[in-house]
Visitor: 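Pasting a structure here, questions to come.
As a basis for the values below, the full set of heavy atoms in this structure was taken, side chains included, without hydrogen atoms, waters or symmetry mates. The shown structure was predicted, so the numbers you read here are calculated from the model rather than taken from an experiment.
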Amino acid sequence: MEANALLLHIEEVGSVDPRVAFSLLRQCAGFCKLAHLAHGTLPSQAMSALKAFDEDIRSCFSRSTSVDTSDQAWQQAELGLSRGGLGMRSLSRHSPAAYIASLSSSGFSASSEHHLAQAVEVFNCLVPSSEAVCVEDVLISPILQKVLSNKVDNHLFNLLMENSSPADKVRLLSVSSPHAASWVSVIPSEGLGLHLQPSEFQVAIKWWLGLDTAGGSMCALCPESVRGDVVTRHNKLRDTLAEASQGTPEC
């Protein structure tokens with residue numbers, strides 16, 4: 001698949017600059033890459049493929065940023081920026097919202113109503129009963145995907161809050177405050193001073209997701225983790241070798 005080839009290239013970029021790789025993954029791959037599939041395919045018919053793609057995205061994130069995430073941290077990463085996430089939206093989780101919105105705005109025929117009912121049933125399993133939608137409401141008035149996806153994100157955020165420690169609840173409230181995630185969406189640019197070094201970016205991501213910032217970090221090119229002062233020496237040696245190799249003429 002073209003998507004898999006793209007993810008492999010992003011991982012290669014991550015071995016040099018994880019901040020740039022993250023921007024490419026968030027804006028050029030993930031949900032936006034296969035959104036058309038979610039809009040036009042009944043969720044139940046493609047759910048296994050959508051979940052497999054979600055796993056590929058998570059794996060690419062880990063390999064390209066050198067940050068391993070727990071399941072709870074990745075659930076936060078899948079939230080939108082306004083909810084303290086990283087915008088790594090789950091295609092499988094948001095596909096029912098995309099499909100319902102697509103049918104709702106397309107003036108579908110009565111013969112497609114049973115497909116709509118199936119998608120609504122799947123969607124309602126992702127939100128609390130107070131936020132559930134019904135087929136009749138969708139038939140009467142078109143509903144935007146953004147509205148439905150916000151319902152999903154809000155429910156996931158509330159679940160994270162319920163299952164978090166007091167310290168993590170404070171962190172989640174902090175990262176979900178207005179404009180707190182502005183740094184996530186910035187296009188990295190050294191010339192404008194909008195760029196983080198790999199180690200700085202990794203620590204920022206770990207703190208944002210509630211991961212251990214004092215533990216070992218991975219190198220995309222090495223099989224083992226490194227810790228403490230070894231990280232600094234390792235990164236300097238890697239950067240020195242990279243600079244030297246760039247200045248070496250081709251044979």
Visitor: Please say yes or no: joined through hydrophobic side-chain contacts below 4.5 Å, possibly via intermediate residues, are V127 and F157 part of one cluster?
Guide: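 No, no single cluster joins them.
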
Visitor: When rounded to the nearest 0.5 angstrom, what is the spacing between CG in L79 and OG in S176?
Guide: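 If I round to the nearest 0.5 Å, the distance is 9.5 Å.
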
Visitor: Count I, L, V, M, F, W, Y as connected when their side-chain heavy atoms are under 4.5 Å apart, and connections chain through other members. Are L211 and I57 then in the same cluster?
Guide: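 In one cluster: yes.
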
Visitor: So, for A98 and A38, which heavy atoms are closest and what is the spacing to 0.1 Å?
Guide: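 Residues A98 and A38, closest heavy atoms: CB-CB, 3.8 Å.
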
Visitor: Please determine, by modelled atom types, if Q145 and H39 share a side-chain donor-acceptor pair under 3.5 angstrom.
Guide: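 There is such a pair between these side chains.
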
Visitor: Looking only at heavy atoms, which two atoms of V120 and C134 are closest? And how far apart?
Guide: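 In terms of heavy atoms, the two residues are closest at CG1-CA, 4.4 Å.
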
Visitor: Between S62 and R58, is there a side-chain donor-acceptor contact under 3.5 Å, judged purely by atom types and distance?
Guide: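 Not at all, the side chains of R58 and S62 share no donor-acceptor pair under 3.5 Å.
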
Visitor: Is the shortest side-chain heavy-atom distance between E131 and N124 below 4.5 Å?
Guide: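 When only atoms from C-beta onward are counted, N124 and E131 do not touch, as no gap falls below 4.5 Å.
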
Visitor: Anything under 30° is parallel, anything over 60° is perpendicular, the rest tilted; go ahead and classify F22 against F201.
Guide: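 Judged by the thresholds at 30° and 60°, the geometry between F22 and F201 is tilted.
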
Visitor: Check this for me, if you would: do R89 and E78 make a salt bridge, where the nitrogen-to-carboxylate-oxygen distance has to be below 4.0 angstrom?
Guide: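 Between E78 and R89 there is no salt bridge, as every charged N stays at least 4.0 Å from the carboxylate O atoms.
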
Visitor: If we ignore hydrogens and angles and just use 3.5 Å, is the side chain of S149 paired with the main-chain N or O of K146 as donor and acceptor?
Guide: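 Not a single qualifying donor-acceptor pair exists.
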
Visitor: Nearest 0.5 angstrom please: S130 OG to H155 NE2, how far?
Guide: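 The distance works out to 9.0 Å.
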
Visitor: Where the side chain of Q27 meets the backbone of L24, is there a donor-acceptor pair that is under 3.5 Å apart?
Guide: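 The answer is no, because no donor-acceptor pair under 3.5 Å joins these two groups.
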
Visitor: Show your reasoning for whether side-chain contact (heavy atoms from CB on, under 4.5 Å) applies to S95 and M47.
Guide: CA-CA 8 Å; S95 62; M47 190 58 67; 3.9 Å; yes

Visitor: Can you tell me how far the CG atom of D54 sits from the OG atom of S59, to the nearest 0.5 Å?
Guide: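 If I round to the nearest 0.5 Å, the distance is 12.5 Å.
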
Visitor: Going through the checks in order, is the side-chain contact (heavy atoms from CB on, under 4.5 Å) test met by L194 and I187?
Guide: CA-CA 7 Å; L194 302 175; I187 302 299; over 6 Å; no

Visitor: Ignoring hydrogens and geometry, is there a side-chain-to-backbone donor-acceptor pair from Q202 to T65 under 3.5 Å?
Guide: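 Yes: the side chain of Q202 pairs with the backbone of T65.
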
Visitor: What distance do E55 atom CD and S92 atom OG have between them, rounded to the nearest 0.5 Å?
Guide: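 Going from the CD atom of E55 to the OG atom of S92 covers 8.5 Å.
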
Visitor: Check G87 against L81 and note the closest heavy-atom contact, atom names and distance.
Guide: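 Closest pair (atom of G87, atom of L81, distance): N-CD2, 3.8 Å.
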
Visitor: With a 3.5 Å cut-off and no angle check, do the side chains of S164 and Q72 form a donor-acceptor pair?
Guide: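 Checked: S164/Q72 side chains pair up, N/O donor to acceptor below 3.5 Å.
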
Visitor: Any side-chain heavy-atom pair from D153 and H94 closer than 4.5 angstrom?
Guide: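 Counting from C-beta outward, D153 and H94 do come under 4.5 Å.
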
Visitor: Quick one: pull up OG1 in T213 and CD1 in I205 and give me the separation to the nearest 0.5 Å.
Guide: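 T213 atom OG1 to I205 atom CD1 measures 13.0 Å (nearest 0.5 Å).
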
Visitor: Between T41 and L37, is there a donor-acceptor pair closer than 3.5 Å when you use the side chain of the first and the backbone of the second?
Guide: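 Here the side-chain-to-backbone pair exists.
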
Visitor: Atom CG in L8, atom CG in D56: separation rounded to 0.5 Å?
Guide: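 Separation between the atoms: 9.0 Å.
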
Visitor: Should D168 and R171 count as an ion pair when the cut-off is N to O under 4.0 Å?
Guide: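 Answer for the salt bridge query: yes.
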
Visitor: Carefully, step by step, assess L209 and L86 under the rule side-chain contact (heavy atoms from CB on, under 4.5 Å).
Guide: CA-CA 9 Å; L209 298 179; L86 294 177; 4.0 Å; yes

Visitor: Are the side chain of S105 and the backbone N or O of A101 linked by a donor-acceptor pair below 3.5 Å?
Guide: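 Here the side-chain-to-backbone pair exists.
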
Visitor: With a 4.5 Å limit on heavy-atom distance, are the side chains of P43 and P96 in contact?
Guide: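 In contact.
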
Visitor: Would you say V184 and R26 make side-chain contact, with heavy atoms under 4.5 Å?
Guide: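 Side-chain contact under 4.5 Å: yes.
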
Visitor: Closest heavy-atom contact between L148 and F123?
Guide: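 Where L148 meets F123 most closely, the heavy atoms are O-CE1, 3.6 Å.
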
Visitor: Can a salt bridge be assigned to the pair D68 and K206 using a cut-off of 4.0 Å between side-chain N and carboxylate O?
Guide: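 K206 and D68: not salt-bridged.
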
Visitor: Report yes if some heavy atom in the side chain of S23 is under 4.5 Å from a heavy atom in the side chain of P188; otherwise report no.
Guide: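 Heavy-atom side-chain distance check passes, below 4.5 Å.
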
Visitor: Is V186 reachable from L192 through a run of I, L, V, M, F, W or Y residues, each pair having side-chain heavy atoms under 4.5 Å apart?
Guide: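 Shared cluster, yes.
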
Visitor: Give a yes or no on this: more than 12 heavy atoms of other residues, nucleotides or ligands lie within 6.0 Å of atom CD of E200.
Guide: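 Above 12, so yes.
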
Visitor: Okay, side chain of S177, backbone of A180: is any donor-acceptor separation there less than 3.5 Å?
Guide: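 A pair under 3.5 Å: no.
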
Visitor: Compare every heavy atom of L172 with every heavy atom of V175, then report the nearest pair and how far apart it is.
Guide: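 Nearest heavy atoms, V175 then L172: CG2-O, 3.4 Å.
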
Visitor: Determine whether W74 and L159 fall in the same hydrophobic cluster, where Ile, Leu, Val, Met, Phe, Trp and Tyr are linked whenever their side-chain heavy atoms lie under 4.5 Å apart.
Guide: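 Not linked; separate clusters.
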
Visitor: Do the side chains of V152 and L103 join up, straight or via other hydrophobic residues, at under 4.5 Å, putting them in one cluster?
Guide: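 Linked within one cluster.
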
Visitor: May I ask you to test the L156-L126 pair for a side-chain heavy-atom distance under 4.5 Å?
Guide: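 Contact flag for L156/L126 side chains = no.
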
Visitor: Just so I know, are the side chains of Q118 and S44 near enough to count as touching, which here means a heavy-atom distance under 4.5 Å?
Guide: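 Side chain of Q118 against side chain of S44, heavy atoms only: contact under 4.5 Å found.
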
Visitor: Can you give me the closest heavy-atom contact between F31 and S90, atom names plus distance?
Guide: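 Distance-wise, the nearest heavy atoms are CD1-O, 4.2 Å.
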
Visitor: Ignoring hydrogens and angles, tell me if any N or O in the side chain of Q76 forms a donor-acceptor pair with the backbone of W208 under 3.5 Å.
Guide: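 The answer is yes, because a donor-acceptor pair under 3.5 Å joins these two groups.
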
Visitor: With side-chain contact (heavy atoms from CB on, under 4.5 Å) as the criterion, how do R93 and L50 come out once you've worked through the C-alpha distance, each side chain's angles and the decisive distance to 0.1 Å?
Guide: CA-CA 9 Å; R93 183 179 291 116; L50 299 179; over 6 Å; no

